[in-house]
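Inspection log for the structure reproduced underneath, given as structure tokens.
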Amino acid sequence: MAASNPYTPGQVPRVFAGRAVELRRIEDRLARVVTYGELGGPLMVFHAPRGLGKTSLLRTAQRRADALGFVSAWVACSRERPVLPELVRSIRTALERAEVLPRGGAGGRWRKRLESVTVEVGLPGAKVQAEVASPAPPAEEPMALAPIGALEALLHDTAELVRRRGGAGLLLLLDELHTASADDMSVLLNTLQNLDGARETNPLAVVTAGLPVTPEALTRAATFGERSTFVSLDVLNDEDARRVLTGPAEAEGVTWSAGALDAVVAEARGYPYLLQLIGSSTWDAARPARGDRLSLTQVRKGLPVAREQLTAMHRARWGAATATQRSFLSAMAATGKDNVTRAEIARGMGRDSRAISDPRERLIEKGVIEPVGHGLVRFTLPGFGDFVRRLDEE
């Protein structure tokens, strides 16, 4: 009987490998909350292009935190909806799932309190406001608070509730943070700064992830956002890439031949998503049972499927680009280099280097390219330059 495929793209691997250093940084924060019952530290932000394992890292951290007794609330940020009400709903769901809410009348008051938290975000520049019913007075007598105060009170009281009921504390995980509005980022940053003022009474930690533009967006939202802990994720080295492949296979009783591993590592070039994609296509081609070994022949059999999926991703990114952005990408691809200077791109577009700032920034925001040094950018997805060059030759 064939073993189940542990590499299904888009899912969190059952065996996490390749981000041990980054995971340890999160665990250090969790340990501070567990040991001292205090704030784990400033906002932690993992930033990287798509496909480098940010979401998998956060999901793995969530599983570790749950095992330590944390109640964890997860929010996938989006430009289509404000983050704060999503965060409140996630906290309520997490408390109910963990059965932390008190029984009887006290539990009802907590639920009414969570229901009463409303965040209204108007047009740009409009007032942002929230209401939180205080748990001390009767539930029908809400106390109006500013959004920062509302979130501060909610996080403090929730974390303390978890701690009093025998848990470690509260963990907030926010993915795709770069899509959050400036108002929501500002409220979050100010809230954490206020909680840090009484860190010994706030057993919680906040870990987030986003595209490379996230640090700049946070700093624009609040100047002290630069004090957040920013951690850049890069492609995996060959040793870690091999572990990404061998760990999940070993859990299913399957091994890889040296030649097969070398071929996948060379093809994926350190990108976790591609390792997962090629691992999945190889697995589907082989349909191994426990005790089997994946071979180079099976890798080659599965590669066309993986490459077809990668090309679909290239096509989607190209299709979402404007005419000016496509001109930028074509000029960048035409150099044939991994890291391309601003001057080279401007020359290829026939423009002054100062006139290409807008398409450059929009493409960085979309995660299609990323800055890699002063004046240098590169494509974030392997093979995208080759894809663009083929289009231009047609």
Side-chain angles (χ1 to χ4, degrees), residues 16 18-50 52-65 68 70 72-77 83-84 87 148 151-152 155-156 159 168-182 184-236 240 272 364 367 370-372:
F16 185 77
R19 295 296 182 199
V21 173
E22 292 84 359
L23 186 58
R24 194 174 302 118
R25 295 188 69 162
I26 300 175
E27 290 175 333
D28 286 346
R29 297 214 165 185
L30 299 180
R32 182 184 301 174
V33 179
V34 171
T35 304
Y36 302 109
E38 67 177 26
L39 192 71
L43 184 70
M44 175 171 274
V45 185
F46 292 94
H47 57 97
R50 301 195 187 282
L52 289 189
K54 300 183 298 296
T55 300
S56 291
L57 175 63
L58 262 57
R59 284 299 187 191
T60 301
Q62 184 178 34
R63 291 199 298 272
R64 299 284 178 90
L68 290 170
F70 281 84
S72 59
W74 178 285
V75 175
C77 303
V83 171
L84 300 185
L87 180 59
I148 296 168
L151 185 59
E152 179 184 347
L155 296 186
H156 167 78
L170 177 67
L171 172 64
L172 303 182
L173 297 150
L174 287 81
D175 201 9
E176 301 288 317
L177 184 60
H178 60 279
T179 64
S181 70
D184 281 348
M185 287 185 184
S186 177
V187 170
L188 179 62
L189 288 167
N190 277 280
T191 297
L192 291 178
Q193 179 169 258
N194 289 351
L195 291 172
D196 187 61
R199 61 181 306 113
E200 66 280 357
T201 64
N202 289 296
L204 68 100
V206 185
V207 182
T208 70
L211 292 180
V213 297
T214 309
E216 182 181 348
L218 283 167
T219 303
R220 284 200 304 266
T223 55
F224 57 85
E226 64 187 11
R227 297 180 216 151
S228 303
T229 302
F230 297 115
V231 184
S232 175
L233 299 184
D234 204 348
V235 295
L236 300 175
D240 284 341
I364 291 174
E370 64 174 333
V372 288

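For the side chain to side chain donor-acceptor pair (under 3.5 Å) test, no residue two or more places apart in sequence or in another chain qualifies with Glu22. Under the side chain to side chain donor-acceptor pair (under 3.5 Å) criterion, Arg220 pairs with Glu216, sequence neighbours left out. Checked against side chain to side chain contact (heavy atoms under 4.5 Å, CB included), Arg50 has the following partners two or more places apart in sequence or in another chain: Glu176, His178, Leu211, Arg317. Remark: Thr201 engages His156, Ala198 in a side chain to side chain contact (heavy atoms under 4.5 Å, CB included) (not counting sequence neighbours). Residues meeting the side chain to side chain donor-acceptor pair (under 3.5 Å) test with Glu226, sequence neighbours left out: none. Scored by the side chain to side chain contact (heavy atoms under 4.5 Å, CB included) test, Val45 finds Leu43, Thr208, Thr214, Leu218, Ser228, Phe230 as partners (sequence neighbours excluded). For Val235, the side chain to side chain contact (heavy atoms under 4.5 Å, CB included) partners two or more places apart in sequence, or in a different chain, are Leu52, Tyr271.
Nearest heavy atoms, Pro203 versus Val33: C-CG1, 3.6 Å. In terms of heavy-atom proximity, Leu189 sits nearest to Phe224 at O-CE1, 3.6 Å. When all heavy atoms of Ala221 and Ala182 are compared, the pair lying nearest together is CB-O, 3.6 Å. Scanning both residues, Trp74 and Gln62, for their nearest heavy atoms gives CE3-OE1, 3.8 Å. Heavy-atom minimum distance, Ala180 versus Cys77: N-CB, 4.4 Å. In this structure, Ser72 and Leu173 approach most closely via the heavy-atom pair CB-CD1, 4.4 Å.
Using a 4.5 Å heavy-atom threshold, the side chains of Arg29 and Val207 count as separate. Two residues are said to be in side-chain contact when any heavy atoms from C-beta on lie closer than 4.5 Å; Val83 and Leu188 fail this criterion. Using a 4.5 Å heavy-atom threshold, the side chains of Leu30 and Leu171 count as touching. Here the side chains of Ile26 and Leu57 are in contact, with some heavy-atom distance below 4.5 Å.
Note on residues 32-45: no pairs pass side chain to side chain donor-acceptor pair (under 3.5 Å), not counting sequence neighbours. Applying the side chain to side chain donor-acceptor pair (under 3.5 Å) test to residues at least two apart or on different chains, the pairs with a partner in residues 188-200 are Glu152-Asn194, Ser186-Asn190, Gln193-Arg227, Asp196-Arg199.
Exactly one residue among Leu172, Ile148, Val206 makes a side chain to side chain contact (heavy atoms under 4.5 Å, CB included) with Leu192. That residue is Val206.
With rounding to the nearest 0.5 Å, the separation of OG in Ser181 from CG in Leu84 is 7.5 Å.
Looking at Lys54, its side chain does come within 3.5 Å of a backbone N or O of Ala48 through a donor-acceptor pair.
For the residue pair Arg19 and Thr60, no side-chain donor N or O sits within less than 3.5 Å of a side-chain acceptor on the partner.
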